[in-house]
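Read the numbers this way: they start at 1 and go in the same order the structure lists the ligands and their atoms. The figures here come from the full heavy-atom set of this structure, side chains too, leaving out hydrogens, waters and symmetry mates.
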Amino acid sequence: MNISVEGKSIVITGSSRGIGRNMAVKLAKEGAKIVINYLNSRDKALELYEEIINYNKDCLLVKADVTKQEDVKKLCVETIKGFGQVDVLINNAGICSDNLIQLMTERQWKEVINVNLNSMFLCSRFFSKEMIPRRQGKIINISSLKGQLGSEGQTNYSASKAGVIGFTKALAKELGRFNISVNAVCPGFIVTDLNRHNESKKHAAQKMSVLDIDNSMEELLNFILYISSNAFRYVSGQVFNIDSRLFDISRLISL
Ligand code: NAP
């Protein structure tokens, strides 16, 4: 099996930190041309850029707020200018802003929906416009298990990630005729800036895991490499949980 992304142009939104950053390094090491996107973490993005051009000269760095149409347009234009086309768009940028519903402000609600869901609409719209005439491309949307199970104190985050799943399935139906696949990936619990403050969520994730060994970042990176490659061609509209968490009802009954 030839799992290769050699020469592919891959845009990763929100790749200055966390999972996006790790995906950028992994795919660049495998020969992909990477577009790093950042918003606030300029120094970290620059550091990543320097790291990537050490083993792959083809790397672009674009500051863009993926919730803003003009910025997304710029991200798309810079990508085409630099690499000629986009083969894979990874909609990864995401935030959380937790609170119980009575305490959650409207601003918290809107901000999370805006970054996690509205950004997918904007990025997918701009980038698929370039993919459609070529009848080729992949869109990978990062969702979450929380969009499937719900998470206490995270109505905004859970709703946004459930929205990503519906969005993925609908878009897969629209773009399939142009040979463009759209899939959603739900990572396991991976400690990043997004969740490192939240010990209770980490504990809950550990309790739900049926495997003791936590290697979820590496598993996720391998899976992203696989679905970005030509070895993965005829699958679309699917949701992949790269995880060993299972909601075990028997544990509740025994309480
Ligand atoms: P993270 O470490 O907090 O990184 C978030 C990234 O998103 C940063 O690079 C940030 O860039 C970027 N970002 C935020 N708002 C943006 C905007 N408006 N425009 C452009 N970029 C923006 O989070 P993470 O854990 O890596 O999460 C990455 C994705 O995985 C998210 O969609 C998250 O929901 C999902 N996920 C994570 C886990 C987990 O366990 N960590 C599990 C399931 C799903 P700047 O710092 O430059 O602003």
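At a 3.5 angstrom cut-off on N or O pairs, Ile142 does not count as close to ligand 1. At least one N/O-N/O distance between Thr192 and ligand 1 falls below 3.5 Å. Every N/O-N/O distance between Thr67 and ligand 1 stays at or above 3.5 Å. In terms of N/O distances under 3.5 Å, ligand 1 is not approached by Val115. Polar contact check, Ser144 against ligand 1: no nitrogen or oxygen pair lies under 3.5 Å apart. Residue Val191 has no N or O atom closer than 3.5 Å to an N or O atom of ligand 1. Polar contact check, Val66 against ligand 1: a nitrogen or oxygen pair lies under 3.5 Å apart. For the pair Arg17 and ligand 1, the shortest N or O to N or O distance falls below 3.5 Å. At least one N or O atom of Leu39, backbone or side chain, sits closer than 3.5 Å to an N or O atom of ligand 1.
The single protein non-hydrogen atom nearest to atom 20 (C) of ligand 1 is Ala64 O, 3.4 Å, given as residue, atom name and distance.
In the candidate list Gly18, Gly14, Gly94, Gly94 is nearest to atom 5 (C) of ligand 1, counting heavy atoms.
Under the 3.5 Å distance criterion, the side-chain polar atoms of Asn183 are matched with a main-chain donor or acceptor of Gln238. Although no hydrogens or angles enter the test, the distance criterion places a donor-acceptor pair under 3.5 Å between the side chain of Ser143 and the main chain of Lys161.
One distance of note links CG of Asn230 with CD of Glu6; it measures 11.5 Å at 0.5 Å rounding. Atom CD1 of Ile34 is separated from atom CG of Leu61 by 12.5 Å, given to the nearest 0.5 angstrom.
Met208 is listed as a side-chain neighbour of Leu149, based on a closest heavy-atom distance under 4.5 Å.
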Pair Glu30-Lys8, salt bridge (charged side-chain N to carboxylate O under 4.0 Å, His left out): steps then yes or no: CA-CA 10 Å; Glu30 298 287 336; Lys8 280 186 186 295; over 6 Å; no

